[in-house]
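To keep things clear, I will list the structure first and then write my remarks on it.
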There are 2 protein chains.
Amino acid sequence: MTTPLPKKLVRGSTSGVAIMAVFDLLGRKWNMRIMWELNTASLSFRALQEQCDGMSPSVLNTRIKQLTEAKLVYTTSEGYKLTELGLSLMNTLNPLRDWAAEWEEEIKQ
Amino acid sequence: MTTPLPKKLVRGSTSGVAIMAVFDLLGRKWNMRIMWELNTASLSFRALQEQCDGMSPSVLNTRIKQLTEAKLVYTTSEGYKLTELGLSLMNTLNPLRDWAAEWEEEIKQ
DNA sequence: ATAGTCCGCTACGAAATAAGTAGCGATTGT
DNA sequence: ACAATCGCTACTTATTTCGTAGCGGACTAT
């Protein structure tokens, strides 16, 4: 006699806590990758597209809009750059690189 | 006269570095969320589904398979749990919670 | 034994998102 | 003037995710 699942809910969305909004944003294809590339260097639209394995420009365009809206990225005459917020996010995400290396070791077996 | 975009490439995929594979995995809807919930408590299929805002069971099922394949999650009689690797991933991802809080402050303006 | 309930999970059509390609108008270089 | 490149949009196709119904197994109550 547990409570049945609620019939309608805002799904996969910012229900309550801030971290959920982060999952929504980063849990979308390309967003982490774009941030990662921009953390290495600020890039023009075409350059960013190339860095991201030639991802389609239509998607790149909407991603840039999202990330700009989220105040993680901004546009300059020299290309797209990370904001302070964007940089701080990439700092917290930085340990992922090392974890990824360990994980790769463990997984190829 | 820059090199034109290569016509075909494995896109959004593990081209070279380990971190790209991580982006592929975590850059999918629900994966981070599932890991996050399992980091708090080990949960049965139905319970996990409820925690994740009632996400569809078909997707949950494929996600569990992926995460199991990736050696981040395993199945027990008491429900799904994080492996050591999964736990270490959540540790590196933990600072995200604080960042999310700061970000929420900055963004609601 | 039978019927009811809950479980993990699958099947399958509908909706949403991403990919792929062509090309426009603006700018830059020759 | 001309060609090349740029950022970006429009549009079609492919892939992913949702939503719902329901199967077979385990457990329980009658």
Side-chain angles (χ1 to χ4, degrees), chain A residues 1-15 20 23-35 37-38 41-70 73-81, chain B residues 1-15 20 23-35 37-38 41-70 73-81:
Chain A
M1 187 188 302
T2 49
T3 47
L5 286 176
K7 284 306 174 200
K8 265 302 173 195
L9 254 180
V10 181
R11 294 201 175 165
S13 216
T14 92
S15 57
M20 299 303 167
F23 292 157
D24 279 358
L25 190 64
L26 298 186
R28 277 216 131 115
K29 203 167 176 182
W30 296 116
N31 273 344
M32 283 179 129
R33 175 69 176 273
I34 290 168
M35 297 287 294
E37 300 297 344
L38 288 181
S42 52
L43 297 166
S44 69
F45 190 96
R46 292 290 240 258
L48 187 49
Q49 189 188 2
E50 282 190 40
Q51 284 301 308
C52 295
D53 299 339
M55 70 174 288
S56 102
S58 46
V59 179
L60 179 53
N61 185 44
T62 70
R63 286 301 178 273
I64 289 172
K65 279 177 187 161
Q66 282 177 37
L67 294 172
T68 302
E69 176 98 6
V73 164
Y74 68 106
T75 310
T76 74
S77 50
E78 300 102 45
Y80 300 103
K81 285 190 203 305
Chain B
M1 182 190 305
T2 49
T3 47
L5 286 176
K7 284 307 172 200
K8 267 301 175 195
L9 254 179
V10 181
R11 294 205 173 162
S13 216
T14 92
S15 56
M20 298 304 167
F23 292 157
D24 279 358
L25 190 64
L26 299 186
R28 278 218 133 111
K29 204 169 176 182
W30 296 116
N31 273 344
M32 284 178 129
R33 175 69 177 273
I34 289 169
M35 298 287 293
E37 300 297 345
L38 288 182
S42 53
L43 296 166
S44 69
F45 190 96
R46 291 292 237 256
L48 187 50
Q49 190 187 1
E50 282 190 41
Q51 283 301 308
C52 294
D53 298 340
M55 71 174 287
S56 104
S58 46
V59 179
L60 179 53
N61 184 44
T62 69
R63 287 299 180 272
I64 289 172
K65 279 177 186 161
Q66 282 176 35
L67 294 172
T68 302
E69 175 97 7
V73 165
Y74 69 105
T75 310
T76 75
S77 50
E78 301 102 45
Y80 300 102
K81 287 192 202 303

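Computed from a prediction, not measured in an experiment: that's the story for all the values here. Numbered from 1 within each chain, the chains take letters A, B, ... in sequence-line order.
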Taking only N and O in the side chain of [X], is any of them less than 4.0 Å away from OP1 or OP2 of [N]?
X: A:Arg28; N: D:dT16; value: no
X: A:Lys29; N: C:dA19; value: yes
X: A:Ser44; N: D:dG7; value: yes
X: A:Trp30; N: C:dA19; value: yes
X: A:Lys65; N: D:dT9; value: yes

Whole Å only: how far is the [atom1] atom of [X] from the [atom2] atom of [N]?
X: B:Met55; N: C:dG8; atom1: CE; atom2: C1'; result: 14 Å
X: B:Leu60; N: D:dT20; atom1: CG; atom2: P; result: 16 Å
X: B:Gln66; N: D:dT15; atom1: CD; atom2: C1'; result: 13 Å
X: B:Asp24; N: D:dT16; atom1: CG; atom2: P; result: 11 Å
X: A:Arg33; N: C:dA18; atom1: CZ; atom2: P; result: 16 Å
X: B:Asn61; N: D:dT16; atom1: CG; atom2: P; result: 16 Å
X: B:Ile64; N: D:dT17; atom1: CD1; atom2: P; result: 15 Å
X: A:Gln49; N: D:dG7; atom1: CD; atom2: P; result: 9 Å

Problem - Residues that B:Lys81 engages under salt bridge (Lys or Arg N to Asp or Glu O under 4.0 Å), provided they are two or more places apart - result: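 Partners of B:Lys81 under the salt bridge (Lys or Arg N to Asp or Glu O under 4.0 Å) test: B:Glu78.
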
What's the spacing between [X] [atom1] and [Y] [atom2] if we round to 0.5 Å?
X: A:Trp30; Y: A:Arg63; atom1: CH2; atom2: CZ; result: 10.0 Å
X: A:Leu48; Y: A:Ile64; atom1: CG; atom2: CD1; result: 5.5 Å
X: B:Ile34; Y: A:Phe23; atom1: CD1; atom2: CZ; result: 11.0 Å

Handout entry: SB check A:Glu37 A:Arg33 (cutoff 4.0 Å)
Key =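 Salt bridge present between A:Glu37 and A:Arg33.
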
Practice task
Give B:Thr62 one of three labels, base, sugar-phosphate or nothing, depending on what nucleic acid heavy atoms sit under 4.0 Å from its own.
Solution key: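 Counting heavy atoms under 4.0 Å across all strands, no contact is made by B:Thr62.
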
Handout entry: Given DNA chain C, 5'-ward residue of the pair B:Leu43 and B:Ser58, judged by closest heavy atom
Key =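 The residue closer to the strand's 5' end, by nearest nucleotide, is B:Leu43.
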
Exercise for the section: Go through C:dT10, D:dG7, C:dA18 for me and flag the one nearest to the A:Val59 side chain. Expected result: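 Nearest nucleotide to the side chain: C:dA18.
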
Practice task
Look at the side chain of B:Arg46 and decide which nucleotide, out of C:dG8, C:dA19, D:dC18, has an atom nearest to it.
Solution key: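 Nucleotide nearest to B:Arg46's side chain: C:dG8.
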
